[in-house]
Amino acid sequence: MRKLSMALSIFTCCLLSNTLDEDRTDPAKTPASKENKIIDSQSLMAIETYGSTEVSFGNQTIIDSGFIDHTQAQNLTQIFSAQSSVSVGGGANMAQKIYIRGLEDRLFSVSVDGARQNGNAFHHQGNVMLDASMIKEIKLNKGVANASDGAGSLAGSIKVITKDASDFLKDNQNFGFKVKSGVFSNFGIEESLVLYGGNHKNFDALVSYDFLDTFYYRDGGYLKETKSFPGDRVLGSNSLRHNVLFKTNAYLSKEQKITFSYGMVMDRAIAPFRRNIGSVIGEDGVDYALVLFNNQSQNHNLALNYQKKSENFQIPEIKAGLYANIKNVKLSPYSLPAAALKDPEASSARNLFLNNVGLDIKLKHQKSKKSSLEYGINYQNLSTADLAQTLRDPAHRGREVGQILGGFVQGGYEMIEGLSFGIGSRYDSYFYFDKNSQNHHTWGFSPSGFLLYEPLESLDIKLSYGYVVRGALPGDALLLQDSDLRIAKNLKAEKSQNVEFDIDYNGDFFFLRGSLFYQHIRDFINSYGRSSLAASDVLFRDNLPYAINVYGGEIGGGLNYKGFYASFDFSRSLPSIKGHLLSDTYELGAVSGNTYVLKLGYDALKWHISWVSRFVQAIDYRGYNIYNDEIENINKKGYGIHSIYASYTPIKHLELNFAIENLFNAYYISQTSPFKVEADSSASESMNAIRSALRESGINFKFNLSYQY
């Protein structure tokens with residue numbers, strides 16, 4: 001009751017909170033690319049920029065296409081390379097996982113063009129699959145989530161918006177195309193084609209195809225005496241990726257439009273069953289690097305969105321969306337050593353599906369920039385299945401289904417000039433039918449609020465608080481056929497409390513920002529818990545009896561003057577449990593050291609040059625393992641990565657991009673790559689004696705040429 005009273009007290013204070021914190025973009029970011037041109041305000045396509053300001057209850061960061069295109073980003077590591085609060089572990093493309101403030105992406109509400117990407121297909125392979133070449137922007141809401149962000153936003157939200165034809169078409173242009181060809185020394189090629197057209201009145205359409213073939217990459221040891229694998233190649237780093245996007249807008253009037261988008265990402269490789277693990281000898285004598293599978297991962301994203309703008313408070317703005325996201329991870333044995341054949345789990349095929357289907361309806365009344373009211377309803381169906389028959393156990397159905405019914409209301413009001421507040425809440429009801437044919441019903445309210453004080457036009461001081469309830473939902477699809485895993489009968493909903501204090505100053509030539517945050521998570525659903533009431537080899541998916549606390553802070557600043565810009569960014573996050581920092585997990589988080597990012601750049605008439613340095617300090621601690629209730633010694637080496645980028649436009653339609661990533665060929669493992677081969681096994685087991693996560697790419701020269709008409 002004491003904690004509840006404290007939470008209610010904090011929330012009551014935060015009812016005096018801010019509702020309309022504008023997007024916290026970096027004044028020192030790279031200039032908008034040609035794809036980010038400003039659309040003529042008289043065009044019907046200007047519906048994209050016409051209308052209300054978005055509410056941001058928490059700490060928001062935006063990554064735009066200018067940075068992604070300029071750096072030739074091709075995967076998650078490269079997309080988030082300049083964000084100190086974001087770390088990507090895993091190495092190879094399909095092994096990459098996003099960690100924000102030390103917490104895994106599955107604790108965030110993730111969407112692409114409004115289509116939810118929740119759930120977990122395979123804990124060894126990334127759940128967020130993106131075509132970097134067609135990203136318009138990524139909005140990271142860290143900590144306190146908006147009520148409108150959707151159900152289950154325990155740690156915030158990740159919203160990805162893709163480009164459409166209006167980002168390419170010039171005034172009075174009805175058709176155009178963009179072709180791009182690139183090569184990178186470590187080691188592969190990229191080819192892409194974008195076709196787009198529209199009549200600037202009623203419709204536009206875009207279709208794109210991007211082919212990315214990473215033959216392999218070599219880590220930083222290939223120019224030194226230390227070598228990670230024979231032939232200098234990082235095993236499992238190969239990736240053959242096809243990216244497709246079709247997107248069309250129908251403009252019904254100046255205020256209304258309908259958008260349909262379909263995106264597909266397909267990744268193929270001959271690689272180990274565990275994509276994020278290198279060579280290691282298991283207890284059975286099997287070298288996991290030699291257990292090779294045909295890996296095929298697909299992500300299909302469909303979204304149909306309707307939008308109606310309004311400047312009249314009495315008539316609401318309307319946003320409605322239908323979506324479907326279908327993920328499939330298919331693993332077929334390719335080359336197995338004889339010892340592996342004795343272990344069905346290590347040698348059997350998998351055909352995993354993770355599907356999200358849903359509907360969102362939002363209505364918003366906008367009175368002024370600082371005063372609004374928004375409300376809506378959400379429905380989501382999340383299902384998992386393993387269609388492979390090889391491990392079928394009669395005790396398990398081989399599939400799970402979850403449904404979420406919810407609604408929200410949020411709004412803000414400017415009391416006096418310079419002082420505004422916002423409050424909001426969700427109510428969600430979760431229905432979960434698990435693989436053991438058990439029904440679970442969990443529910444709860446998720447209130448939030450913030451207070452914003454603006455003593456100067458350029459200075460924001462904000463205090464925010466959020467309480468989030470996430471009910472029980474289908475777990476890791478890989479575990480559907482695991483005969484040693486049982487689901488507890490009475491799962492409780494997970495609860496998260498977030499408190500954050502932010503200060504932002506944005507002047508004409510420089511900016512400074514800082515934040516302090518605290519997060520408290522209770523009843524986290526642990527998929528690998530050991531039960532004292534059962535045999536030691538039986539796992540129970542049950543609520544963790546201990547609370548998780550995350551303490552941390554961020555600080556950044558920079559300047560922008562006459563084409564020159566410089567910025568720095570620092571982040572520290574301490575996910576803790578039972579008085580110890582967290583040991584790495586499959587499903588919760590990973591600890592990394594202090595992270596610093598330095599950016600320098602200069603814009604001339606035809607040139608844009610930038611430098612990005614990322615430093616991660618070494619960390620040595622005694623970590624708590626939530627799976628085995630034990631303390632482990634964790635030591636992760638620090639590293640510094642430096643990259644330089646240059647863009648040159650010699651003639652009107654032609655652009656050349658050149659980059660050198662990991663300029664000094666650092667030999668390193670991302671600190672959020674798994675510390676142990678098996679996170680749910682004891683640190684005393686021989687296979688966990690040596691850290692065998694994939695090394696990251698060594699020095700990499702990248703060049704592409706693009707022509708846009």
Discussion item. Centroid separation under 6.0 Å, is that true for the rings of F524 and Y546?
Written reply: no
Practice prompt. State, yes or no, whether a side-chain contact exists between W611 and K599 at a heavy-atom distance under 4.5 Å.
Written response: no
Practice prompt. Test side-chain contact (heavy atoms from CB on, under 4.5 Å) on V110 and N118 and set out the steps.
Written response: CA-CA 6 Å; V110 183; N118 300 82; 5.9 Å; no
Worksheet item: Checking side chain to side chain donor-acceptor pair (under 3.5 Å) against S87, which of T595, T77, T672 comes through?
Response: T672
Discussion item. Apply salt bridge (charged side-chain N to carboxylate O under 4.0 Å, His left out) to residues E311 and K367 and explain how you reach the verdict.
Written reply: CA-CA 8 Å; E311 291 184 316; K367 186 175 183 180; over 6 Å; no
Worksheet item: Would you find a donor on one side and an acceptor on the other, under 3.5 Å apart, between the side chain of K462 and the backbone of G58?
Response: yes
Practice prompt. Indicate yes or no for a side-chain donor-acceptor contact from E104 to the backbone of G589 under 3.5 Å, with no hydrogens or angles considered.
Written response: no
Worksheet item: Relative to each other, are the rings of Y561 and F509 parallel, tilted or perpendicular (30° and 60° limits)?
Response: perpendicular
Discussion item. Quick check for you: to the nearest 0.5 Å, what is the distance between Q256 atom CD and K308 atom NZ?
Written reply: 5.5 Å
Worksheet item: Do I577 and N549 pass the side-chain contact (heavy atoms from CB on, under 4.5 Å) test, and can you show the C-alpha distance, the side-chain angles, and the key distance before you say yes or no?
Response: CA-CA 6 Å; I577 184 169; N549 296 291; over 6 Å; no
Worksheet item: Quick one: are F408 and N378 in side-chain contact, heavy atoms under 4.5 Å?
Response: yes
Worksheet entry | H441 side chain reached by W443 side chain, heavy atoms, under 4.5 Å | yes
Item to complete: Provide the closest heavy-atom pair for S567 versus F511 in the form atom of the first, atom of the second, distance.
Response: CB-CZ, 4.1 Å
Item to complete: Determine the sole option in Q83, K142, K139 for which the side chain to side chain donor-acceptor pair (under 3.5 Å) test with T61 is passed.
Response: K142
Worksheet item: So do H365 and P316 actually touch side chain to side chain, heavy atoms under 4.5 Å?
Response: yes
Discussion item. For a 4.5 angstrom cut-off between non-hydrogen side-chain atoms, does V469 reach D428?
Written reply: no
Discussion item. With side chain to side chain donor-acceptor pair (under 3.5 Å) as the test, pick out the partner of S496 among R470, H520, R522, Q519.
Written reply: Q519
Worksheet item: Would you call K495 and L154 a side-chain contact if the rule is heavy atoms closer than 4.5 Å?
Response: no
Worksheet entry | Proximity of H608 and Y602 rings by center, below 6.0 Å | no
Discussion item. Any salt bridge linking R101 with E554? Criterion: basic side-chain nitrogen under 4.0 Å from a carboxylate oxygen.
Written reply: yes
